[in-house]
Amino acid sequence: MGTPELISPRSPRVVAARKLAKRSSRVKERRFIAEGPQAVREAVEHRSGGEPTLVELFATVEAAERHTEIVEAARAAGVRFHLASDEVIAELSQTVTPQGLVGVCRFLDSPFDEILAARPRLVAVLAHVRDPGNAGTVLRCADAAGADAVVLTDASVDLYNPKSVRASVGSLFHLPVAVGVPVDQAVAGLRAAGVRIVAADGAGDADLDAELDHGTMGGPTAWVFGNEAWGLPEETRALADAVVRVPIHGKAESLNLATAAAVCLYASARAQRASGGCRSVTSS
């Protein structure tokens with residue numbers, strides 16, 4: 001691969017990319033950082049507005065040699081590529097042990113109206129979720145469960161926070177995500193699209209096991225998840241068609257947000273794929 005062309009953290013290209021660690025710069029440039037081979041690989045394959053989502057790639061010599069397929073795909077897509085020193089990658093990375101690949105990507109969130117027009121059947125709504133790691137992990141859970149979309153309300157963390165992007169482990173590039181939607185508008189829009197609104201709350205009146213037994217989870221569903229520390233505000237819970245708790249059968253005090261989200265989303269996914277659900281057994 002040759003020798004690094006970027007060896008100084010003070011290089012203009014490095015300084016410009018490093019600024020994307022701040023939300024204000026991300027919003028101004030409509031760019032964000034994705035690091036590591038999994039995220040960069042997904043970014044190379046993704047298209048935003050008909051153009052490659054990945055616009056610039058920095059790699060150490062070792063990482064470029066280890067992941068030649070990613071580098072070649074990026075170059076074929078016309079992505080600006082830089083061989084960089086370990087010091088430069090460390091400056092751009094948000095991790096203790098950088099993996100040698102850092103990409104600059106275009107924003108890729110979807111308009112909420114487009115999500116509604118696609119008639120979603122399973123949606124995760126993140127209301128008042130402030131921890132970026134939790135947000136990214138719930139997005140990953142939604143992707144794994146086959147959800148059609150994720151919605152982050154205006155009271156939730158920035159989708160493009162480096163910790164959110166990293167915690168999504170590439171799932172950010174797999175499904176539509178709307179951002180900055182007021183929770184009441186999110187609920188009203190989804191309900192008008194024929195989606196049942198279910199708030200996940202440890203103090204919910206309904207039990208998830210009972211909901212499954214009663215056959216109420218097979219239709220289009222949007223799960224509303226709140227802040228891990230204090231759950232959902234009463235005014236948000238009041239917007240839902242049902243407030244459902246995940247049953248605790250053992251002695252654990254509670255489940256963390258991402259674990260509860262995985263349980264809820266997979267419960268809906270299974271119910272929707274069962275006989276009589278809104279998805280066929282063979283649908284993806």
Side-chain angles (χ1 to χ4, degrees), residues 1-49 51-68 70-109 129-137 139-140 152 156-173 177 179-180:
M1 283 289 179
T3 57
E5 60 178 286
L6 290 179
I7 59 174
S8 172
R10 292 185 293 276
S11 162
R13 296 308 318 155
V14 179
V15 171
R18 184 69 180 85
K19 288 181 179 178
L20 298 178
K22 296 182 178 179
R23 182 171 186 172
S24 59
S25 294
R26 293 195 295 270
V27 172
K28 179 181 178 182
E29 301 296 330
R30 291 192 59 79
R31 300 284 190 272
F32 70 99
I33 291 290
E35 60 177 295
Q38 178 62 24
V40 172
R41 182 181 294 107
E42 301 296 339
V44 170
E45 297 178 358
H46 190 271
R47 293 291 181 271
S48 180
E51 299 180 333
T53 296
L54 184 68
V55 297
E56 193 166 15
L57 177 60
F58 301 83
T60 63
V61 173
E62 181 182 0
E65 291 176 346
R66 184 185 307 118
H67 303 288
T68 55
I70 297 177
V71 173
E72 290 172 359
R75 283 174 161 166
V79 174
R80 181 184 296 175
F81 175 69
H82 309 283
L83 278 177
S85 66
D86 291 345
E87 185 180 10
V88 165
I89 294 298
E91 180 71 15
L92 294 175
S93 176
Q94 298 290 310
T95 59
V96 176
T97 307
Q99 298 181 64
L101 291 174
V102 177
V104 175
C105 305
R106 293 185 174 88
F107 276 15
L108 46 68
D109 47 277
V129 175
R130 305 291 176 81
D131 182 85
N134 280 335
T137 304
L139 199 159
R140 183 184 183 186
L152 276 74
S156 287
V157 70
D158 176 21
L159 171 67
Y160 302 111
N161 182 293
K163 291 183 180 179
S164 296
V165 176
R166 191 161 60 250
S168 80
V169 196
S171 288
L172 170 66
F173 302 98
V177 183
V179 300

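Since we're looking at a predicted model, the values are computed, not measured. Heavy atoms only: backbone and side chains are in, while hydrogens, waters and symmetry mates are out.
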Sequence neighbours left out, what passes salt bridge (Lys or Arg N to Asp or Glu O under 4.0 Å) with E51? Give chain and number order. R106
Ignoring hydrogens and geometry, is there a side-chain-to-backbone donor-acceptor pair from R47 to V44 under 3.5 Å? yes
If you measure from CG on L20 to NZ on K22, what distance do you get to the nearest 0.5 Å? 11.5 Å
Which residues satisfy the side-chain hydrogen bond (donor to acceptor under 3.5 Å, both in side chains) test with S164, sequence neighbours excluded? none
Non-neighbouring partners of H82 that pass ring-ring contact (aromatic ring centres under 6.0 Å, His included), sequence neighbours left out: F58
Assess the residue pair V88 and V102 against the criterion (side-chain contact (heavy atoms from CB on, under 4.5 Å)); give the C-alpha distance rounded to whole Å, side-chain angles, the decisive distance to 0.1 Å, and a yes or no. CA-CA 10 Å; V88 165; V102 177; over 6 Å; no
In Å and rounded to the nearest 0.5 Å, what is the CG to NZ distance from D131 to K163? 7.5 Å
Residues two or more places apart in sequence or in another chain: which of them pass ring-ring contact (aromatic ring centres under 6.0 Å, His included) with F32? Y160
How many angstroms lie between atom CG of L108 and atom CG of L172, to the nearest 0.5 angstrom? 4.5 Å
Separation of E5 CD from R13 CZ (nearest 0.5 Å): 10.5 Å
Contacts of R140 meeting salt bridge (Lys or Arg N to Asp or Glu O under 4.0 Å) (sequence neighbours excluded), chain-then-number -> none
Output every pair passing side-chain hydrogen bond (donor to acceptor under 3.5 Å, both in side chains) with a member in residues 24-35, not counting sequence neighbours, ordered by first then second residue. R26-D158, E35-S93, E35-T95
Contacts of type side-chain hydrogen bond (donor to acceptor under 3.5 Å, both in side chains), residue E42, not counting sequence neighbours: Q38, H174
Pairing residues for T53 by the side-chain hydrogen bond (donor to acceptor under 3.5 Å, both in side chains) criterion, not counting sequence neighbours: H46
Qualifying residues under side-chain hydrogen bond (donor to acceptor under 3.5 Å, both in side chains), relative to E62, sequence neighbours excluded: R66
Per the salt bridge (Lys or Arg N to Asp or Glu O under 4.0 Å) rule, what does the pair list look like for residues 81-98, sequence neighbours excluded? R18-E91
Distance col, row Q99:CD vs I89:CD1, nearest 0.5 angstrom, shows 11.5 Å
The reported gap from CG in L57 to CG in L83 (rounded to nearest 0.5 angstrom) is 9.0 Å
